[in-house]
Number of protein chains: 2
Amino acid sequence: MTVTSYVRCSNCAVSKFCLPHTLSNDDIGQLEGVVQQKRVLHAGETLYHTGDHFEGLFAISSGSFKSVVIATNGDSQITEFSFPGEILGFDAYHGKTHNSFAEALETSSVCFLPQAQLDNLSQKVPALQQQLYNLFSAEIQSNNEFLLMMGKRSAEDRLAALLINISSRYSQRGYSATHFRLSMSRTDIANYLGLTIETVSRLIRRFQKESLIEVAQRDITIIDLVGLSELAGTHCSYDQKVASAE
Amino acid sequence: MTVTSYVRCSNCAVSKFCLPHTLSNDDIGQLEGVVQQKRVLHAGETLYHTGDHFEGLFAISSGSFKSVVIATNGDSQITEFSFPGEILGFDAYHGKTHNSFAEALETSSVCFLPQAQLDNLSQKVPALQQQLYNLFSAEIQSNNEFLLMMGKRSAEDRLAALLINISSRYSQRGYSATHFRLSMSRTDIANYLGLTIETVSRLIRRFQKESLIEVAQRDITIIDLVGLSELAGTHCSYDQKVASAE
DNA sequence: CGCCATCTTGATGCTATTCAAAAAATGTGG
DNA sequence: CCACATTTTTTGAATAGCATCAAGATGGCG
């Protein structure tokens with residue numbers, strides 16, 4: 001765990017997807033006084049555990065994470081994958097206990113926003129308060145969309161939707177929409193989609209046979225973005241999460 | 001639609017499950033100045049529609065609601081059932097657009113909390129601000145729990161979990177935990193659980209055969225609360241939504 | 001190079017869906 | 001209040017989709 005004392009949102013590559021997005025330069029300056037540290041985690045390391053008391057929010061500056069809830073019987077469910085600019089920790093905001101844990105999928109870095117100071121600042125900076133509320137409701141909305149998928153769509157639709165989702169999030173961040181490397185394992189994908197690893201493997205194969213994608217391990221090349229989007233169905237909703245956070 | 005000008009949280013039967021829960025008498029007095037009207041809806045009437053601009057939160061004072069998201073292809077998914085004391089509208093908090101609609105399942109009444117005034121007051125009353133944050137993260141947590149169920153549990157487990165959930169929410173409100181009338185149709189139950197109506201019907205029948213419950217249309221009597229809870233598995237989590245909102 | 005974890009592939013079975021129809025409950029007008 | 005129409009719920013039979021079980025292949029890594 002590496003700690004860097006100074007964080008400059010204004011220089012950060014992902015600031016336009018992150019908390020500062022809607023803030024004035026002045027406000028960003030104030031926010032920089034709150035963002036305390038930059039922490040580096042390697043694949044498999046956790047940012048917080050289930051049951052941990054909430055201390056503050058984490059903004060992902062690089063890498064990716066999975067958020068996981070665990071049932072009393074030991075079952076686990078990945079509730080979301082998170083990418084640079086996105087915020088982790090809302091499930092326990094303000095004096096609550098995390099009911100999920102967040103684990104790095106690859107080497108990743110995060111900024112820490114201690115609750116007390118964030119609260120303090122958001123009371124003084126309405127745009128920040130607003131932005132926090134926006135992120136909260138965006139989280140609830142994206143959760144609603146996901147529930148729709150889990151309740152109503154087939155295995156095929158779900159995998160297509162995930163690929164389109166990841167593609168659009170990468171592309172928003174300036175990376176290729178059609179070629180990327182998955183940071184999560186097949187097991188993670190299966191868990192997230194409520195499927196088995198075998199089903200995911202077979203579906204990937206099928207997509208490849210149907211010339212929708214090209215696959216080499218975790219390297220994905222989307223060949224037929226339109227075809228895949230049609231399978232996904234709800235493809236437009238994916239842009240909402242980030243777009244709506246403005 | 002009936003409108004009553006004055007709302008007194010202090011007299012309200014469900015205030016201890018609602019926003020005022022953690023507030024001092026003084027703070028409740030201030031909140032009463034914000035709660036503008038009491039609106040009555042009949043079964044099938046909607047509180048807000050998908051796409052409506054957010055105007056404020058609704059606190060349910062009696063009856064029950066379903067919240068529904070709609071896919072571009074017309075599919076719909078009920079994301080939650082809501083009971084007296086619970087708050088509707090968080091999906092669009094602060095200048096966003098509802099991505100779901102809320103529909104009364106029976107004759108119900110709600111209090112309206114206009115955004116501007118709620119904001120204003122929550123800036124002055126830290127306990128209210130805190131309570132709002134708590135409700136937000138409780139919503140996210142309960143969503144996480146629900147995802148776990150949708151992703152990992154069988155049809156049988158899901159129905160048992162729903163019955164236990166409803167039972168515990170009724171019992172918290174002073175009603176019987178073992179005998180109640182479902183306000184939602186079989187179709188709603190099936191939609192919520194990501195199943196078909198036929199499957200739900202068959203499961204209800206099976207539960208009856210196994211002497212877990214007694215059913216007469218929408219009247220449910222839980223005979224073996226322990227057995228049903230064991231099927232539900234995650235039964236303890238149901239208390240969290242309300243309990244954690246303190 | 002060889003071990004271990006991850007991923008793929010095949011055969012089989014079960015769960016829940018789909019299609020179809022009847023039964024029960026609810027609503028409606030005379 | 002009853003006969004009829006409509007909606008909701010139940011039940012049955014057949015099917016499909018995904019899971020489970022069981023090997024086997026591949027790639028990463030010491």
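All of these numbers come straight from a predicted model, not from anything done at the bench. Labels below follow one simple rule: chain letters A, B, ... track the order of the sequence lines, proteins then strands, and each chain is numbered from 1.
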Residues which pass side-chain contact (heavy atoms from CB on, under 4.5 Å) with A:Asn11, listed by chain and number, not counting sequence neighbours
A:Arg8
Per the under-4.0 Å heavy-atom filter, residues of residues 203-211 of chain A near DNA chain C come out as A:Arg205
Name all residues meeting the salt bridge (Lys or Arg N to Asp or Glu O under 4.0 Å) criterion together with B:Arg205; count only those two or more places apart in sequence or in a different chain, and write none if there are none.
none
Taking heavy atoms of chain B and a 4.0 Å limit, find me the 5'-most and 3'-most nucleotide of DNA chain D within that range.
D:dT9 to D:dA13
For B:Phe101, which residues count as a ring pair (Phe, Tyr, Trp, His ring centres under 6.0 Å) partner, sequence neighbours excluded?
none
Is there a donor-acceptor contact under 3.5 Å linking the side chains of A:Thr79 and A:Ser67?
no
Which residues pass the ring pair (Phe, Tyr, Trp, His ring centres under 6.0 Å) test with A:Tyr192, sequence neighbours left out?
A:Phe81, A:Phe146
For A:Arg206, the side-chain contact (heavy atoms from CB on, under 4.5 Å) test, sequence neighbours excluded, returns A:Glu156, A:Leu203, A:Glu210
Going 5' to 3' on DNA chain C, which nucleotide is the first and which the last to come under 4.0 Å of a heavy atom in chain A?
C:dC7 to C:dA11
So, using ring pair (Phe, Tyr, Trp, His ring centres under 6.0 Å) as the criterion, who are the partners of B:Phe136 when residues are at least two apart?
A:Phe136, B:Phe90, B:Tyr93
Applying side-chain contact (heavy atoms from CB on, under 4.5 Å) to B:Thr196 and not counting sequence neighbours gives B:Glu198, B:Thr199
Taking any heavy-atom pair under 4.0 Å as a contact, classify B:Glu198: base, sugar-phosphate, or nothing.
base
Reading DNA chain D from 5' onward, which residue's closest nucleotide shows up sooner: A:Gly194 or A:Gln217?
A:Gly194
Tell me what A:Thr196 touches on the nucleic acid: a base, only sugar-phosphate, or nothing, going by heavy atoms under 4.0 Å.
base
Applying side-chain contact (heavy atoms from CB on, under 4.5 Å), name anything that partners B:Asn143, two or more places apart in sequence or on another chain.
A:Asn143, A:Asn144, A:Leu147
Any salt bridge (Lys or Arg N to Asp or Glu O under 4.0 Å) involving residues 179-194 of chain B? Give me the pairs, sequence neighbours left out, ordered by first then second residue.
B:Lys66-B:Asp188, B:Arg181-B:Asp219
